[in-house]
Amino acid sequence: MRTSQILIPTLREDPGEAETVSHRLMLRAGMIRKVAAGIYTYLPLGLRVIRKIEQIVREEMNRAGAQELLMPIASPAELWRETGRWDYYGKELFRFKDRHDRDFCLGPTHEEVITDLFRREVRSYRQLPLNFYQIQTKFRDEIRPRFGLMRGREFIMKDAYSFDADEAGARISYQKMYDAYNRIFSRCGLTFRPVEADTGLIGGSSSHEFMVLADTGEETVVYSETGSYAANVERAEVAAPTDVDQSPMRSISEVRTPDRRTVEAVTEFLKISPRRLVKTLLYTTDHKDVAVLVRGDHEVNEIKVKRMLNATDLVLAGPEKVQALTGAPVGFAGPVGLKGIAILADQAVKHMRNVVVGANKADTHFVDANIDRDFSVDHFGDLRNAKEGDLSPRGDGTLRVAKGIEVGHVFMLGTKYSQAMSATFLDAQGREQQAVMGCYGIGIGRTAASSIEQNHDAKGIIWPLPIAPFHVHLIPLGQSQQVLELAGRLYESLGAAGIEVLWDDRDERAGVKFNDADLIGAPLHLVIGDKGLAQGVVELKARKTGQTTRLAPNEAVAAIGEVLGFVPQPSS
RNA sequence: CGGGGCGUAGCGCAGCCCGGUAGCGCACCGCGUUCGGGACGCGGGAGUCGGAGGUUCAAAUCCUCUCGCCCCGACCA
């Protein structure tokens with residue numbers, strides 16, 4: 001491709017709207033342009049990268065035995081009402097009505113549509129297992145789209161759905177996808193890690209997320225330093241506490257803590273460690289209020305609380321609510337004397353003695369409060385976030401914390417959708433059985449963005465070869481006859497050898513061309529200039545290392561083919 | 001949705017406090033010089049100052065409403 005025939009509007013300056021590296025570089029390299037918040041046009045260069053990733057995904061899906069199909073973007077509300085997700089999905093679902101006033105949505109995911117296909121078309125266990133996938137545009141009206149392709153409201157996703165006759169089969173299907181995902185992200189040149197994850201809105205019994213490790217990631221991953229445990233912090237289990245405080249109970253007393261509302265302020269004021277304090281957080285769920293107790297240096301994990309309560313909704317109580325429940329302003333809530341409300345506590349609280357808690361009275365705390373004597377707890381459980389230094393729940397060392405970008409997610413769905421939608425088949429005994437499902441997603445654009453987060457320098461992008469928009473950036477310098485002629489010849493023969501070349505045929509100064517080439521990030525740059533030709537050489541530069549090799553022009557194609565791992569075709 | 005910020009030429013911004021000619025850099029067009037890491041000279045085109053209302057002799061600037069966008073928190077590929 002010649003630059004005169006492909007629109008690559010590179011930007012010299014950073015666009016003001018972009019914060020993260022990948023967003024900035026994608027805009028600057030002329031890969032994407034914003035149309036509305038979270039909605040982008042993929043320009044030719046960006047689309048080439050997207051297509052490369054899609055192709056890798058396609059190859060690995062096919063290899064894993066999945067079959068490609070394509071479902072519609074628009075789907076009728078009836079299907080979503082069958083599973084209850086028309087309501088449950090909430091504002092994130094882009095909804096619209098047709099001319100007959102019938103409800104539709106733009107698909108955010110396709111469990112309903114694929115399950116509908118399955119129940120209509122599949123009858124027998126002999127047809128199983130099945131796995132269908134598609135690469136398609138999805139719509140989610142995200143609360144806050146951000147970081148370019150990282151979190152769009154319209155985005156390209158590969159989604160796959162497996163159907164098995166039983167749990168054992170489903171586990172095999174799941175494992176195949178898990179393995180395929182590992183291959184896909186490896187082939188894309190990413191440093192990533194599969195982690196145990198929460199299932200969120202999709203539902204199901206268990207899942208793994210594939211996390212690209214990057215400081216700009218929105219997810220928090222905890223992993224055992226020495227072992228194999230890794231999980232999203234939303235999901236990460238906390239090992240049962242081993243430190244049991246055996247000290248004798250002292251008698252409870254009230255202390256004045258004027259205007260000390262936070263753990264930090266109270267513990268500083270009383271000159272105690274946050275580990276001696278129990279903080280009380282008040283929440284409102286679907287139908288009731290609850291208090292959640294955690295140690296002062298711990299954080300409540302709301303997902304775990306939701307799970308314990310079997311609630312779909314959980315919001316921290318506002319100031320009026322807190323006042324109503326405790327009779328005190330925010331900052332002084334405590335379990336002692338707290339009436340008419342369920343009290344949950346993290347397991348670590350169980351073994352604490354002589355703790356500091358709010359007194360449900362303005363500017364007052366209790367010290368030396370004790371469980372069972374001064375207050376009671378209705379349920380204990382693992383309700384906090386794992387944190388750096390915790391013991392691994394698998395007993396393999398201590399936990400560390402890192403940031404990650406979720407590029408893929410695999411779920412064991414079980415029969416959640418097949419049950420809701422009566423997706424059944426007949427087993428060998430002729431009995432009707434519900435299909436056991438799995439679903440598997442990859443964010444294609446997010447994968448591209450993640451790759452940039454991991455592969456860039458101050459000058460621009462450094463694409464891994466398999467997803468680079470072009471293999472070689474051909475950079476002729478000046479307009480001399482010999483340079484132009486050689487550029488044309490090399491362009492032809494590289495193309496004939498199956499090598500993808502971007503030929504900068506603009507009449508620009510060397511600096512402009514070099515800077516654009518560095519920004520765009522093809523793995524190899526081939527520079528042709530009068531200076532080199534005077535010595536009979538062209539220069540091949542590796543974008544990543546900056547290392548330059550001088551080559552005779554007639555060796556260039558073979559040398560490049562070798563570096564790229566191609567078997568060069570004889571050029572005509 | 002809560003908190004913070006921004007909308008002025010294609011891009012990046014100044015001007016706004018203290019009302020009075022709409023400006024700078026880059027990009028773009030023409031001519032010339034230049035040409036191995038973002039050249040220079042001369043000439044030029046381009047802006048409903050996000051939108052609507054109001055105050056005023058006069059509004060980019062003050063007031064009200066509104067729309068859009070970005071950043072920080074609760075959702076997810």
Side-chain angles (χ1 to χ4, degrees), chain A residues 9-20 23 27-28 30 33-39 53 57 88-93 108-110 135-160 181 197-202 207 209-212 218-219 232 234 283 302-303 306 313-316 318 405-411 439-450 459-460 475-480 483 507-519 525 527-534 538-539 541 546 548:
Chain A
T10 55
L11 304 175
R12 189 180 290 214
E13 290 167 279
D14 277 338
E17 69 185 53
E19 289 288 315
T20 52
H23 188 193
L27 287 167
R28 283 195 55 206
R33 285 294 183 264
K34 187 177 67 187
V35 176
I39 298 178
I53 295 170
V57 167
Y88 189 53
Y89 225 103
K91 287 193 167 177
E92 213 148 301
L93 197 58
T109 174
H110 280 71
I135 297 174
Q136 189 216 36
T137 300
K138 295 280 187 277
F139 294 83
R140 293 182 190 175
D141 198 356
E142 294 283 347
I143 294 164
R144 183 146 95 82
R146 61 184 128 174
F147 305 154
L149 297 193
M150 217 50 111
R151 177 182 301 280
R153 294 193 296 167
E154 173 179 332
F155 60 99
I156 300 172
M157 175 166 134
K158 185 285 301 180
D159 46 325
Y181 275 38
D198 186 67
T199 53
L201 275 182
I202 307 286
S207 77
E209 289 167 334
F210 286 77
M211 293 287 193
V212 166
E218 297 183 81
E219 304 293 332
N232 190 311
E234 293 174 348
Y283 286 95
E302 296 185 359
I303 289 170
K306 274 193 214 179
D313 211 39
L314 187 77
V315 284
L316 204 54
I405 301 164
E406 180 191 1
V407 289
H409 201 159
V410 294
F411 297 82
C439 75
Y440 318 94
I442 290 177
I444 303 289
R446 189 180 279 185
T447 300
S450 303
K459 287 279 187 179
I475 307 167
L477 301 177
Q479 296 293 311
S480 77
V483 165
D507 181 10
E508 282 289 356
R509 302 173 68 82
V512 173
K513 291 187 176 188
F514 288 140
N515 281 306
D516 273 352
D518 287 339
L519 179 59
H525 297 174
V527 179
I528 306 171
D530 288 315
K531 253 189 198 174
L533 289 186
V538 295
E539 292 144 48
K541 185 179 124 184
T548 301

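Fair warning: this is a prediction, and the values are worked out from it, not measured in the lab. Naming: A, B, ... by sequence-line order, numbering from 1 per chain.
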Taking the same atom, P, in B:rU8 and in B:rA14, what whole-Å distance lies between them?
-> 11 Å
Side-chain touch A:Glu539/A:His525, heavy atoms, less than 4.5 angstrom = no
Spacing of A:Leu11 atom CG and A:Asp516 atom CG [to the nearest 0.5 Å] = 9.5 Å
Counting Watson-Crick and G-U wobble pairs only, both distances under 3.5 Å, name the nucleotide matched with B:rU55, or none.
-> none
Has A:Arg146 got a side-chain N or O lying under 4.0 Å from the OP1 or OP2 atom of B:rC72?
-> yes
Can you tell me how far C1' in B:rC24 sits from the matching atom in B:rG47, rounded to whole Å?
-> 14 Å
Write down the distance separating the C1' atoms in B:rG10 and B:rC31, rounded off to the nearest Å.
-> 24 Å
Heavy-atom donor-acceptor pair, A:Arg446 side chain to A:Glu406 backbone, under 3.5 Å = yes
What's the verdict on side chain to side chain contact (heavy atoms under 4.5 Å, CB included) for A:Glu17 and A:Lys34, showing C-alpha distance, side-chain angles and the deciding distance?
-> CA-CA 10 Å; A:Glu17 69 185 53; A:Lys34 187 177 67 187; 3.5 Å; yes
Residue matched to B:rA74 through Watson-Crick or wobble contacts both under 3.5 angstrom = none
Considering Watson-Crick and G-U wobble pairs with both distances under 3.5 Å, what does B:rC6 pair with?
-> B:rG68
Under 4.0 Å between any heavy atoms, over every strand shown, what does A:Gly90 touch: base, sugar-phosphate, or nothing? Just pick one.
-> nothing
Any N/O pairs under 3.5 Å between the protein and nucleotides 29-35 of chain B? List them or say none.
{"unit_1": "B:rU34", "atom_1": "O2", "unit_2": "A:Arg509", "atom_2": "NH1", "d": "2.8"}

Let me know the distance between CD of A:Glu142 and P of B:rA77, rounded to the nearest Å.
-> 9 Å
Stacking check A:Phe155 vs B:rA77 (5.5 Å / 30 deg) = yes
A:Lys513 NZ to B:rG37 P, in whole Å, measures 13 Å
Could you state the CG-C1' distance from A:Asp159 to B:rC76, rounded to the nearest angstrom?
-> 14 Å
Verify the contact: side-chain N or O of A:Arg151 to OP1 or OP2 of B:rC70, cut-off strictly under 4.0 Å; return yes or no.
-> no
Which is true for A:Gly445 with a 4.0 Å heavy-atom rule: it touches a base, it touches only sugar-phosphate, or it touches nothing?
-> nothing
Atom pairs under 3.5 Å: protein N/O with N/O of nucleotides 12-15 of chain B:
{"unit_1": "B:rG12", "atom_1": "OP1", "unit_2": "A:Gly16", "atom_2": "N", "d": "3.1"}

Just by distance, do the side chain of A:Lys158 and the backbone of A:Val57 share a donor-acceptor pair under 3.5 Å?
-> no
All side-chain contact (heavy atoms from CB on, under 4.5 Å) counterparts of A:Phe514, not counting sequence neighbours = A:Ile475, A:Leu477, A:Ala510, A:Val527
Using purine N1 to pyrimidine N3 plus N6-O4 or O6-N4 for Watson-Crick, or N1-O2 and O6-N3 for G-U wobble, both under 3.5 Å, which nucleotide pairs with B:rC24?
-> B:rG12
Between A:Glu218 (CD) and B:rG73 (P), how many Å, whole number?
-> 8 Å
Side chains of A:Asp159 and A:Gln136: is there a donor and an acceptor less than 3.5 Å apart?
-> no
Go through B:rC76, B:rG36, B:rC72 for me and flag the one nearest to the A:Phe147 side chain.
-> B:rC72
Same-atom distance (C1') from B:rG15 to B:rA9, integer angstrom | 15 Å
Distance between the C1' atoms of B:rU61 and B:rG25, in whole angstroms?
-> 23 Å
Using Watson-Crick or G-U wobble geometry with both distances below 3.5 Å, tell me the partner of B:rC18, or none.
-> none
Without swapping roles, check the side chain of A:Ser450 against the backbone of A:Val212 for a donor-acceptor pair under 3.5 Å.
-> no
Closest heavy-atom pair, A:Val483 versus A:Pro476, reported as atoms and distance to 0.1 Å, is CG1-CB, 3.6 Å
B:rC18 and B:rC75, which share atom name P, separated by this distance in whole Å = 44 Å
Interatomic distance, A:Leu314 atom CG to A:Tyr283 atom OH [nearest 0.5 angstrom] | 6.0 Å
A:His409: partners by ring pair (Phe, Tyr, Trp, His ring centres under 6.0 Å), with sequence neighbours left out | A:Phe411
For B:rG43, the Watson-Crick or wobble partner whose two distances fall under 3.5 Å = B:rC29
Determine the Euclidean distance between corresponding C1' atoms of B:rG44 and B:rA60; express it in Å to zero decimal places.
-> 26 Å
Closest to side chain of A:Met157, choosing from B:rC75, B:rG36, B:rA77 | B:rA77
Anything under 3.5 Å between a protein N or O and an N or O of nucleotides 41-43 of chain B, put it in a table, one pair a line.
none

Give a yes or no on whether a donor-acceptor pair under 3.5 Å exists between the nucleobase atoms of B:rG36, that is its base, and the side chain of A:Asp530.
-> no
Supply the atom-to-atom distance A:Thr447 OG1 to A:Ile405 CD1, rounded to the nearest 0.5 angstrom.
-> 9.5 Å
Closest non-hydrogen atoms of A:Ala36 and A:Arg153, given as atom of the first, atom of the second and distance, are CB-NH2, 4.4 Å
Protein-nucleotide distance (A:Glu234, atom CD; B:rG73, atom P), rounded to Å | 14 Å
Is there a donor on the side chain of A:Arg28 or the base of B:rG38 sitting less than 3.5 Å from an acceptor on the other?
-> yes
Out of B:rG38, B:rC71, B:rC76, which nucleotide sits closest to the side chain of A:Glu19?
-> B:rC71
Rounded to whole Å, NZ of A:Lys91 lies from P of B:rA74 at a distance of 18 Å
Would you say the side-chain atoms of A:Lys91 pair up with the backbone N or O of A:Glu142, donor to acceptor, closer than 3.5 Å?
-> no
Contact class for A:Val512 (heavy atom, under 4.0 Å): base, sugar-phosphate, or nothing?
-> base
Presence of donor-acceptor pair under 3.5 Å, side chain of A:Lys531 and base of B:rG37 | no
Would you mind reading off the distance between A:Glu539 atom CD and B:rG37 atom P, rounded to a whole angstrom?
-> 12 Å
Rounding to a whole Å, what distance do you find between A:Glu219:CD and B:rG73:C1'?
-> 14 Å
Can you tell me, in whole Å, how much space there is between the C1' of B:rA22 and that of B:rC13?
-> 14 Å
Position toward the 5' end of RNA chain B (nearest nucleotide), A:Arg12 or A:Leu149 = A:Arg12
Who are the ring pair (Phe, Tyr, Trp, His ring centres under 6.0 Å) partners of A:Phe210, not counting sequence neighbours?
-> A:Tyr178, A:Tyr181, A:Phe185
Assign each of A:Ile143 and A:Gly148 the nucleotide of RNA chain B bearing its closest heavy atom; nearer the 5' end lies the nucleotide of A:Gly148
Hey, is the side chain of A:Arg144 pairing donor to acceptor with the base of B:rC76 inside 3.5 Å?
-> no
